[in-house]
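Data block below; observations after.
Atom set for the values below is all heavy atoms of this structure, side chains included, hydrogens, waters and symmetry mates excluded.
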Amino acid sequence: MSQLPLREALPIEETWDLSLLFKDSQAYLEALNEAKQLVVEFEQRFKGNLNDVDTIIESLEMYEDLSHRQAYISAYGSLGYETDKLNREYEENRAKLVSAYEFISEHVVFYISELSGQSTELLESVMAHAKGEPFKYFLQDLIEKKSYLLSPEAEAVLSRLSPTLEQPYSQYLTTKFQDLTFEPFVANGQTYQNSFVTFEGDFEGHLDTQIRRESWKSFHEGLARYQHTAAENYINHVKTEKRIASLRGFESVIDYLLLNQKVSREAYNRQIDVIMAEFAPVMRRYAKLLKEEQQLDTIGLCDIKMPFTAVEPEKMSIAASRELMENIFSIFGEEYLSIVKRSFDERWIDFPMNQTKSTGGFCSTVYNGPSYVLLNWTGLLSEALVLAHELGHAGHFNLTYKNQLSITPEASLYFIEAPSTANEVIACQYLLNQPIEDTQKRVLISEFISRTYFHNMVTHLLEADFQRKVYQAVDRDELLNATVLNQFFHETLTQFWGDALEVTPGAELTWMRQPHYFMGLYPYTYSAGLTVGTQIGQRIANGEQVAIDSWLTVLKAGGTLSPLELSEKAGVSMKDAGALRSAIQYVDGLLDQIEALKA
């Protein structure tokens, strides 16, 4: 892979269609200005007047409308920039969105404080009213968090400062996509251009050892040049979180960040500790099998993402991926399948790579609107699993938003990756049930392990272990700098991998590669979601109608239940490590199949 194309060179039918939100930037700006006018009216009408049931209900109805409008505005103003960070129009739209949100926050910040300041009895009266009942989950969540709110004046100050407090994430993206450069590298006598997208999408997992290792060296030398700037930015972010946690009365920033997830410290620690202790041996086994399969003299982290077998991986067209997704997810019935079909028909999905496009993949669902899916499509089978994953998010949030209000709390981050990873399990089991040869079955199983389980229960879990070290250091007010961050990540890597592979120089900089650290305690939730997804995914793949029905019910519930309640309703208990150990055994069994299928 050489230089990536510019955005304007891509086939438009393979890119997403933001005009589903607004016809053009002018319409977007008009909607943005209208929202600004409405929040001024909202403040004038309700500030200081939330004293009776009828007024509160009226305010909730208008707040819901504003939230709905903001969902469209936010998506249009930000998603264009995700695909082309050199596009002036997208950059201006994003800048105007940030400015407008500062204005909007200024005029609505009073609302949560004043509403929370009302007596619990009054808020319960609102919930008991026929017109107030739809807002009960929003109000219940508000009541639960009342004790952690500051004075209205202090909350107003924090809200006004929110753009500044969120600046580290923006700075991370700027550094990653606009400043970071990587030197070309030479492999097998040919020169290759390197970038974030090409390294993560192609070179890091390349079958050719020289390409893989030379690209690793080029990539990590590029990271190293910016490690101190990146560290300062990240450390500023976590220290800010610590200050806010202290202001709200939390001794630990970890407890503060777990509050919104509705997850105990015990459940958080258990997810990390069990995987570090009990899943590590399974993945060490995988590393040793990979070394043997590929006949490598040595194996390092620079090799661990290469294909397991030397068999040329199959590729598929976008059209073929659509047919595959529809065949797989027809098991859920017409309502869910229609979401999958619409994602293709209405161009919700942005497939191709291009210069300055965000790496990886994500799904951003607009309330009562499209689910925009960003991919960096390679056509490999592993990318089809990414598509299945993101369509899992699309299905989840479309069903949730169809059945819940915009301001109803969303499902906890602890659960949020369960629908997506369940889809990967369902997709893999579907493919394994097809009449394929043993060689391709080995390829598929190994892709499943390296894509689904490596990504969600290794890559992100190692991030989580590192992140916990950082927050614990912040709680203890210890020195943090790039050297310390590198040391933390190196310790995590050596603890997990043991002597199964070499920690290739540069691997300690892996913390610079992911944006998840700027999203609270997000990394560990991937493994929690996959724990649930492994259990329910197997049952759905086997066609158990009770499991399918209960899962669809859970997907519609959103944040009306806690994450453990959602899991329990789906038939998976997360109250102890039982489900997690079962998922670990499942992966170990996949390795058994790989060995048994060896010719």
Side-chain angles (χ1 to χ4, degrees), residues 168-169 171-172 175-176 180 200 216 219-243 245 251-258 265 268-280 283-284 287 300-302 304-305 454-528:
Y169 177 55
Q171 180 62 47
Y172 167 81
T175 302
K176 180 175 180 177
L180 264 173
E200 294 191 342
W216 173 283
F219 182 78
H220 289 86
E221 285 176 350
L223 292 183
R225 286 193 291 272
Y226 283 85
Q227 63 180 302
H228 299 289
T229 298
E232 184 67 21
N233 184 53
Y234 173 48
I235 292 164
N236 178 52
H237 170 72
V238 296
K239 286 187 174 180
T240 298
E241 288 180 313
K242 173 62 176 176
R243 294 184 188 104
E251 290 187 10
S252 170
V253 66
I254 293 175
D255 293 330
Y256 162 64
L257 294 172
L258 286 173
R265 185 77 168 265
Y268 165 73
N269 285 328
R270 179 174 65 236
Q271 198 69 28
I272 298 173
D273 292 338
V274 171
I275 291 179
M276 290 295 290
E278 299 182 30
F279 192 50
M283 293 311 298
R284 290 172 195 164
L301 278 170
C302 60
I304 195 63
K305 292 191 177 180
F454 193 103
H455 186 69
N456 295 296
M457 290 185 81
V458 179
T459 299
H460 293 314
L461 199 282
L462 296 178
E463 293 171 4
D465 187 70
F466 160 80
Q467 186 184 45
R468 183 171 62 173
K469 287 183 171 77
V470 173
Y471 282 127
Q472 288 171 339
V474 169
D475 279 342
R476 294 191 295 262
D477 196 26
E478 294 177 357
L479 172 69
L480 285 174
N481 55 33
T483 301
V484 174
L485 297 183
N486 292 343
Q487 177 187 333
F488 283 168
F489 212 97
H490 193 276
E491 288 173 355
T492 290
L493 291 170
T494 54
Q495 179 187 347
F496 186 86
W497 290 108
D499 61 359
L501 50 68
E502 173 195 352
V503 177
T504 311
E508 71 279 359
L509 296 167
T510 303
W511 58 268
M512 293 178 64
R513 293 174 57 177
Q514 290 285 4
H516 298 140
Y517 304 117
F518 299 91
M519 304 173 186
L521 296 175
Y522 191 14
Y524 92 100
T525 65
Y526 279 86
S527 66

Practice prompt. For residues V274 and F279, determine if any side-chain heavy atom of one lies less than 4.5 Å from a side-chain heavy atom of the other.
Written response: no

Worksheet item: Do Q467 and Y522 have side-chain N/O donor and acceptor atoms under 3.5 Å apart?
Response: no

Discussion item. Could you check whether E463 and H460, counting side-chain N and O atoms only, form a donor-acceptor pair closer than 3.5 Å?
Written reply: yes

Discussion item. My understanding is that only residues two or more places apart in sequence, or in another chain, count here; which of them pass ring-ring contact (aromatic ring centres under 6.0 Å, His included) with Y268?
Written reply: Y524

Discussion item. Under a 3.5 Å cutoff, is there a donor and acceptor pairing between the side chains of Y172 and H237?
Written reply: no

Fill in: Exam field: side chain H490 to backbone N486, donor-acceptor pair closer than 3.5 Å
no

Worksheet item: Should R468 and D465 count as side-chain neighbours, where that means a heavy-atom distance under 4.5 Å?
Response: yes

Worksheet entry | Student check: side-chain heavy atoms of T525 and Q271 closer than 4.5 Å | no

Practice prompt. For E478, look at atom CD and say whether over 12 heavy atoms of other residues, nucleotides or ligands are found less than 6.0 Å away.
Written response: yes

Practice prompt. Decide yes or no for E508 and L493: does some side-chain heavy atom of the first lie under 4.5 Å from some side-chain heavy atom of the second?
Written response: no

Worksheet item: Which pair of non-hydrogen atoms, one from L509 and one from H220, has the smallest distance, and what is that distance?
Response: CD1-O, 3.6 Å

Worksheet entry | Exceeds 12 heavy-atom contacts within 6.0 angstrom, atom CD of E278 | yes

Discussion item. Checking Q487 against T483: is there a side-chain donor and acceptor pair closer than 3.5 Å?
Written reply: no

Determine all donor-acceptor pairs shorter than 3.5 Å in which one atom belongs to a side chain in residues 497-507; sequence neighbours excluded.
unit_1 : atom_1 : unit_2 : atom_2 : d
T504   : OG1    : L301   : N      : 3.1
T504   : OG1    : C302   : N      : 3.1

Practice prompt. State, with a plain yes or no, whether a side-chain heavy atom of L485 is found less than 4.5 Å away from one of Q227.
Written response: no

Worksheet item: Are any non-hydrogen side-chain atoms of M512 and T175 less than 4.5 angstrom apart?
Response: no

Item to complete: Would you indicate whether the side-chain heavy atoms of K305 and T459 approach each other to under 4.5 Å?
Response: yes

Practice prompt. Could I get the full list of ring-ring contact (aromatic ring centres under 6.0 Å, His included) partners for F496, not counting sequence neighbours?
Written response: none

Fill in: Step-by-step side-chain hydrogen bond (donor to acceptor under 3.5 Å, both in side chains) determination, E491 to Q495
CA-CA 6 Å; E491 288 173 355; Q495 179 187 347; over 6 Å; no

Worksheet item: Under a 4.5 Å cut-off applied to non-hydrogen side-chain atoms, are M519 and Y169 in contact?
Response: yes

